[in-house]
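Worksheet: the structure to be examined is printed underneath.
First the proteins, then the strands, lettered A, B, ... as listed; each starts at 1. Given the structure is predicted, the values throughout are model-derived calculations rather than measurements.
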Amino acid sequence: MNLPIDSVMLVLVVTNLLLLGLSQLRSCVHAVAVQGFALGLLPLLVRQSGGPTVWTLLVVLVTIGLKGVVFPKLLQEALRDADVRREKRPHVGYTMSMVMGFVALAGAAWLSSRLPAFSGSPSTLAAPVSFFMIFVGLFIILSRNHAVNQIVGYLVLENGIYVFGVVLLHELPLLVEMGVLLDAFAAVFVMGVAVYHINSEFDHVDVDQLDKLKG
Amino acid sequence: MTLFPIINFLLALVSAPLLLGVINKTKALFAGRRGQPVLQAYSDLWKLLHKGAVYSRTTTWVFRAGPVVGLACVLVAAALTPFGGAPALMGFSGDLLLLVYLFGVMRFFTVLAALDTGSAFEGMGASREVQFSALAEPAFLLGLAAVAHVTGSFSLSTMFPALDATDWSQAGPALLLVAAALFIVFLAENSRIPVDDPDTHLELTMIHEVMVLDHGGPDFAFILYGAALKLWVLGALLSGILLPVRTGFGVIDSAIAWAALVALAAAVGVVESSMARLRLLRVPRLLVGAVLLSGLAFVLLLR
Amino acid sequence: MFLIVASLAVFSVAALFAVLPAHRPVWCVRAGIFGACVGAAAGLLAAVQGLFGGSIESMRIPWSIPGGELHLGMDPLSAFFLLPITGLGLLGAVYGAGYQRGGDAKKLGVGWFHYNVLLASMVTVVTARNAILFLIAWEVMALSSFFLVTHEHDKPQVRAAGWIYLVATHLGTAFLLALFVILGEKAGSYEFSAFAKAGASLSPGLAVAAFAFTLIGFGTKAGFLPLHVWLPEAHPAAPSHVSALMSGVMIKTGIYGLIRLLACLGAPPAWWGWCLLAVGLLSGVMGVLLALSQRDIKRLLAYCSVENIGVISLGLGVGYLGLSRGSTTMAALGFAGALLHVLNHAIFKGLLFLGAGSVLHGTGTGDMDLLGGLYKRMPWTGTTFLIGAASICGLPPLNGFVSEFLIYFGAFSGVVSTSSAAVVSGLVVITGLALIGGIASATFAKAFGGIFLGEPRSDQALHAHEANGLMRWPMVALAACCVLIGFLAPLAVRAVLPAVGMIVPVSSDALDAGIAPAMEPLGWITAGCAAFAALVALLALLRLRLLSGRTVGETGTWDCGYARPTARMQYTASSFGQPLMAVFAGLLGTGGTGTAPRGIFPAKASHTSETPDPFRSRFYDPLFLRTLGLLALFRGAQHGRVQMYVLYVALTLIAFLIFSLG
């Protein structure tokens, strides 16, 4: 039992369940921001030989800055520009989504209990939580229509991979990490621009209707 | 067997209406008013007990039985509730089931008494009451089951006195989740904001208040006192998890628990002042969330 | 054994008397009813003797059917199931006499013939020790109940219900046949005792098949989801005392068969328990949700039987998991809870069906949206129905609470253990039971409130009349049983223990030790219930005392200032259930049609909602339609020319001849 890391894991799980249960897009973005912030602290908590290095601190700062501040800000702005408040018609209801999320978490816990233990993993929760986050990310992408929710889904997915990398491989695969971050950044950037333009052209940001664009 | 179970039981009987006063005072403070006196609920009870009563011609004895059965249920439930590290008057393995189901009896009869009047308003309130309680009950039982798992016993009178700081250091996150779930149940079962609004009597949005619209006189006094005692019982369980302080001196423990309950009441006042009532359609989501929080606690406990 | 044989003999004679072509058919009917009562009373005595006498008896008479033997036996398990069969059989007969008073005696005679046959076959089913005898009794039970269901066969929906029932029960029997063939082949005999020796040595594949066949075959009769579709059709169609018997005890023969045959299949692995938990959870939750969505009181009660079978199955699941873990406490608690719930459900479901019958009898309708305010017109029915409703919700201090408490107790003893599997199973049971209990409370608040409280919503309800004396006393007796078992919980559990001992293979001392953790709490529960009753009495006195000498007025209901409320403005039973149904809309698929009110001065608006059984409309109907389409291919061979049929027979014979000689 590692209390600080477990607390962060708890925050991650609860924010994920919130993401599944909240209909207000603004609250979803808040939840993602909290998640990014908690996530950013992880490298500090994972005990490394010889204390936190400058690199670690840098990564922490960049992660928190991007995931906790910049991405949410961009999304907020996209929301404000698009002037939408809630997901209109999710494919899966919110209550049902929460229940499914919980089932996925229980399933992930069971699955990771059958995996060979990651040597030296500081928290037994990390594996199930990262699987869970990947599932939730995919689930949000699949079940929600709004473009902002899609980005939220990608972010959660990416956060899940991040947890896996930081806690389970207990060293910072920096290049991989930077690559993923860049991917996500590009995704947010492109989507943000796209959302803005789609909105100004078509008055809605429903990705289900993007197929009308094809010629 | 010390005297504490009896003293605590009497303490519950005497000071339960005080909690209502604390909540109202807190809300008044937030609104910048002076508000009613803290002891207002006592005066209300006294006044109601001295009144006559008026009954609808539609009603049968079921309507008159509702408040009586409800108060009897909650009195037995209070006798099952441990307080301040001391066991309850009655304690045995599985007493938590009796407690939960006694609240079920109380609800069943309150609902039937509401339906007995044949009023559309009371029918509406009753139908919402059963809707929310059907979801709150699993959350309540699961939360208690999590505490049972942590303490290795399923008698309230052993579970709660056994909880202490070491449990929090070992299973802190799980207990925190359980407390959050039970807080939601606490608000829902006591018909507080954000599930119900105890202040509105004549609107279509409320639940518990509209069910007892037709009651008056001593019947309503029973209902009011029963509600206060229910607040006490659920609050005692919740604060028993949140603040398991054990000094070894029964008097001090009881005093601390009492202060914790008053603080909890003040917290309810803060919640009520700072939040709006949820839309009715979203209440089930909140309650399902409470079930999931308890379930989450188990995921944490089990790995 | 003498009493069993005597009761079977009385049933047979009474059945014959009931259809005798006599000068005064009324006397034949009376003979049939009297015989049913006497036979059931004899059976009841036998059950009590078997349960408390502790002796295991049997009687064998050779029979010319290959593999068959007239082998009847009596042990505590049989005796325990015999108890509700004969008890409810007796009360149902008394009630039926009052219910059908003044009907067409010829038709009634046929009904009482089948009633006697049904009772005799159920007694045989739970005492048979030979598979062939068991199957024959099982089939007679199915057929006699089919004829009882179609008693009012002039109504098309009754005929349809009868057909669904007939098809379902035979599909179930087919699986039983397969099971008995598997076991009989292995054992070389069709005695149950031989099955028990053979079952343990089945190959793994066959063992899985045998378990599946047992679950499906007996589950069809018991009404496990999704094999329950016949139940809500057939039970409401029958006359009410028969519905009580079918819903209260006949479906329990499925549980009996399940327990009896699973005992023959060797030591239970853990997955049996998980299977039963899953089935129980599904049946319980879906059953009670579907019950909540019904408008007709008898359909509601029928779905509620599915729910209670689910609760029983949860108990059995806990029991088998306990057995597989080697925990006598968990096993004893699970099985004791399940068995006690079998008895309790027979009592309160019988009571509620009889009450529903009185409502039908007194008003002519079972549509809860048309009733209301019946309490003032039918106080006996109302009071007993209220007791039944409270006990079926598992509310203390009545009997439903005791059996659910035992199952919960078993689940909690899993939760506080260290094995994660036990914790998870406990959680499943606790969540399931809590959810089921909450929704059941809503369902029965809706049923009781809709029927008995408020103002009458129609003329039928306004002119309702109370049940006659013969109908009244069975209900009072059953309500008294609800209260008695509730207050004498420890004694009731002691009475179930011998039957539990037949399932849990340990000595009676070990069994006592296993159940011991629950015995003291049960004593406390009795004390708590007594305290509760005393408090209710005290507070009621206090209230009377306070109100004496003060003005107690009477007026109309306060409707927030609206002065002219009418009965139609009340919340109906359907609107009462709607919010909770909306939460589970995804599972129920409730559909509605109508026109919404529009504008400032809306014209006439309407709304109708309906919840068809999702399993029937989404699974069985398409399946059977497709099968029908497939079978239409063969319709060309069915043309009504006798010569061609003779040709078919001849061709088949020749084919067999070639096959066997070649």
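- Residue B:Leu177 touches chain A through its side chain alone, counting heavy-atom pairs closer than 4.5 Å.
- Every residue two or more places apart in sequence or in another chain was checked for a side-chain hydrogen bond (donor to acceptor under 3.5 Å, both in side chains) with B:Ser191, and none qualifies.
- B:Phe83 meets the ring-ring contact (aromatic ring centres under 6.0 Å, His included) test with B:Trp232; sequence neighbours excluded.
- Chain B is approached within less than 4.5 Å, heavy atom to heavy atom, by no residue from residues 26-40 of chain A.
- When each of A:Val11, A:Val8, A:Leu10 is tested with B:Pro173 by the rule side chain to side chain contact (heavy atoms under 4.5 Å, CB included), just one qualifies, namely A:Leu10.
- Heavy atoms closer than 4.5 Å to chain A are found nowhere in B:Leu302, neither backbone nor side chain.
- At a heavy-atom cut-off of under 4.5 Å, chain A is reached by B:Arg285, B:Val288, B:Gly289, B:Leu292, B:Gly295, B:Leu296 from residues 285-297 of chain B, listed in order of number.
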